[in-house]
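Step one of this worksheet: look at the structure below.
Here is how names work: the chains are called A, B, and so on, in the same order as the sequence lines, proteins then strands, and each is numbered from 1. Just so it is clear, the model here is predicted, and its values are computed rather than measured. The analysis underlying the following values was restricted to heavy atoms, covering all of them including side chains, and did not include hydrogens, waters or symmetry mates.
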Number of protein chains: 2
Amino acid sequence: MPRLKANTSTCSVARALELLGDRWSFLLIREVIFGTRRFDDFAAHLGIARNVLAAKLAALVDAGILEQRPLHQDARRLGYHLTEMGDGLLPAMVALLQWGDRWLQTPDTVPLRIVERATGAELPPVQLLDHAGQPLTRRELDWAPGPGAGDPGIAPLVAAYEKQRRVVPRPIPPAPTAIPRPNAKGKPR
Amino acid sequence: MPRLKANTSTCSVARALELLGDRWSFLLIREVIFGTRRFDDFAAHLGIARNVLAAKLAALVDAGILEQRPLHQDARRLGYHLTEMGDGLLPAMVALLQWGDRWLQTPDTVPLRIVERATGAELPPVQLLDHAGQPLTRRELDWAPGPGAGDPGIAPLVAAYEKQRRVVPRPIPPAPTAIPRPNAKGKPR
DNA sequence: CAGTATCCAGTTTGATACTG
DNA sequence: CAGTATCAAACTGGATACTG
């Protein structure tokens, strides 16, 4: 596959998409989250071809997102479970589901709600929060080069982003309090 | 393709994936979030073929995720911007990026960090929170049929999930001696 | 610039049949 | 059950050249 040749991409989103950016992988993970464990159940729920299913499951196991462990109901058989790595996808998955509920459904077509087990209350929307727990909007975000920004594979991109960042006019945030940083960057010209 | 024929899927994740479940759409949105606006810049940054790029952009505009508006720098030209709907993908996008940073990179290969504009601090990990702002794990979640659960297209599935839910043993969450701690974080490595 | 128009190779997918 | 094997068909994506 001319897939973004594994691990050559430097952007984390791109790398994630190397694993998940196809028609089925995300849905399989959704299934596992919802408790599906067995081959034929995946096949039945999703209507995916069996050979494709086998390949996708193998790829997800291979990537470390799923693993096979004995089933609780029948310890002689194996079922697919999330690894810790796979579990880490939960926020992204829920965010995507909520987005779909919000923008691709009408209020009365939402088929499944995610609730807190303890209270039965519907899960609040996943949000971007600052360190004080306050919601952040896109305009309050920025990005900065990370440790790997110098990698030849991405340095040009980072440079381009830096330029865009300088070019695009952005409102200065209301920063009434002290400025802990010695040099404020991104001086708009 | 027998793509999950648009809007026939009932699951919100599946619907979202009808729009975004390919190799490029998510990356295009990432680009827009990072400030890319112009056709040739997308092409240069991603190395995507021009015809494919045109098709994907059109599809995203069509879906209501992107729209064309005059550029700030040159009001005679149009550039791609996020709509409110597209903006709503931000939590999912950031969650995915953070997941990639955590699981697909080493600490020194992370190319871009997302930071708060006001403070320069790196964004905390996107988490699932309950209504009190406390982090939730997967075991503390459950799901329940939504208003659209009766739809013939999904009713069997919901029934299957209901059954799984009853079968799979799940621990009761520890009794919450909830203390309103203002901040909870967790980014191991 | 910002796309279109062609052409084509390589992949992904589904249907089906088969095995342990 | 849980896959594997095979095959044809559908589709995606890339290269390139062209247009307003």
Side-chain angles (χ1 to χ4, degrees), chain A residues 1-6 8-9 14 17-28 31-32 36-63 66-81 160 164 167, chain B residues 1-6 8-9 14 17-28 31-32 36-62 66-81 160 163-164 167:
Chain A
M1 1 164 151
R3 221 157 197 44
L4 311 167
K5 319 106 186 178
T8 56
S9 309
L17 259 21
E18 286 167 19
L19 271 39
L20 306 170
D22 68 86
R23 184 162 153 199
W24 294 116
S25 300
F26 239 76
L27 286 174
L28 283 174
E31 283 296 311
V32 177
T36 304
R37 296 282 174 264
R38 310 168 76 139
F39 192 93
D40 283 4
D41 288 335
F42 291 113
H45 293 181
L46 297 175
I48 181 177
R50 302 174 70 79
N51 55 346
V52 178
L53 175 57
K56 293 298 174 193
L57 286 172
L60 289 172
V61 168
D62 217 60
L66 300 182
E67 66 185 352
Q68 288 189 291
R69 296 205 310 263
L71 293 171
H72 290 144
Q73 297 96 323
D74 178 354
R76 294 163 316 182
R77 288 191 167 281
L78 295 175
Y80 293 91
H81 296 252
Q164 286 168 359
V167 167
Chain B
M1 140 169 274
R3 231 184 176 26
L4 311 166
K5 319 104 184 179
T8 55
S9 310
L17 258 22
E18 286 166 18
L19 272 38
L20 306 171
D22 68 85
R23 185 163 152 196
W24 292 117
S25 300
F26 240 77
L27 286 175
L28 284 174
E31 283 295 312
V32 177
T36 304
R37 296 281 174 265
R38 310 169 75 141
F39 191 93
D40 283 4
D41 288 335
F42 291 113
H45 292 179
L46 296 175
I48 184 179
R50 303 175 70 78
N51 56 342
V52 178
L53 175 56
K56 293 297 173 192
L57 286 172
L60 288 172
V61 168
D62 217 59
L66 299 182
E67 65 185 352
Q68 289 190 290
R69 296 206 308 264
L71 293 171
H72 290 144
Q73 298 96 325
D74 179 354
R76 295 163 314 184
R77 289 190 166 282
L78 294 176
Y80 292 92
H81 295 252
K163 197 151 80 181
Q164 286 167 1
V167 167

Among dG3(D), dA2(C), dG13(D), the one nearest any side-chain atom of Asp40(B) is dA2(C)
Categorize Phe42(A) for me: base, sugar-phosphate, or nothing, with a 4.0 angstrom heavy-atom threshold over every strand shown. nothing
* Can you check whether Glu67(A) reaches Tyr80(A) side chain to side chain, under 4.5 Å on heavy atoms? -> no
request  = Examine dG14(D): is either OP1 or OP2 under 4.0 Å from a nitrogen or oxygen in the side chain of Arg23(B)? Give yes or no.
outcome  = yes
Ordered by number, residues from residues 51-60 of chain B within less than 4.0 Å of DNA chain C (heavy atoms) are Asn51(B), Ala54(B)
When rounded to whole Å, the CG to P distance for the pair Leu27(A) and dT13(C) reads 12 Å
Whole-Å distance, Leu66(A) CG to dG3(D) C1', equals 16 Å
I'd like to check Thr36(B) versus Leu28(B) (side-chain heavy atoms, cut-off strictly below 4.5 Å). Are they in contact?
no
Leu28(B) atom CG is separated from dG13(D) atom P, nearest whole Å, by 10 Å
- Is the backbone of Val32(B) close enough, under 3.5 Å, to the side chain of Arg37(B) for a donor and an acceptor to pair up by distance? yes
Heavy atoms of Ser25(B) and Leu19(B) approach each other most closely as OG-O, 3.5 Å
Closest heavy-atom pair, Leu71(B) versus Gly79(B), reported as atoms and distance to 0.1 Å, is CD2-CA, 3.6 Å
Correct closest heavy-atom pair for Glu31(B) and Phe42(B) would be CB-CE2, 3.6 Å
Per nearest nucleotide of DNA chain D, the residue lying toward the 5' end, Ala49(B) or Asp41(A), is Asp41(A)
Atom CG of Leu78(B) and atom C1' of dA2(C) are separated, to the nearest Å, by 10 Å
To the nearest angstrom, the CH2-C1' distance between Trp24(A) and dC11(D) comes to 15 Å
Checking dA2(D), dG13(D), dT4(C) against the side chain of Phe39(A) (C-beta onward), the nearest is dA2(D)
Leu17(B) atom CG is separated from dT13(C) atom P, nearest whole Å, by 12 Å
To the nearest angstrom, the CD1-C1' distance between Ile48(B) and dG3(C) comes to 13 Å
d(Asp22(A) CG, Leu20(A) CG) to nearest 0.5 Å is 7.5 Å
| query | Is there a donor and acceptor pair closer than 3.5 Å between the side chain of Arg50(A) and the base of dA2(D)? | reply | yes
Between the CD1 atom in Ile48(A) and the NZ atom in Lys56(A), the distance rounded to the nearest 0.5 Å is 7.5 Å
For DNA chain D, the expected dot-bracket line (Watson-Crick or G-U under 3.5 Å, [ ] crossing, | inter-strand) is ||||||||||||||||||||
When rounded to the nearest 0.5 Å, the distance separating CG of Leu27(A) from NE2 of His45(A) is 13.0 Å
Next item on the list: Please check the phosphate of dC1(D) (OP1 and OP2 only) for any side-chain N or O of Gln73(A) closer than 4.0 Å.
Entry: no
Between CZ of Arg76(B) and P of dC1(C) the distance, given in whole Å, is 12 Å
Nearest heavy-atom contact between Pro70(A) and Ala75(A) is CB-O, 3.5 Å
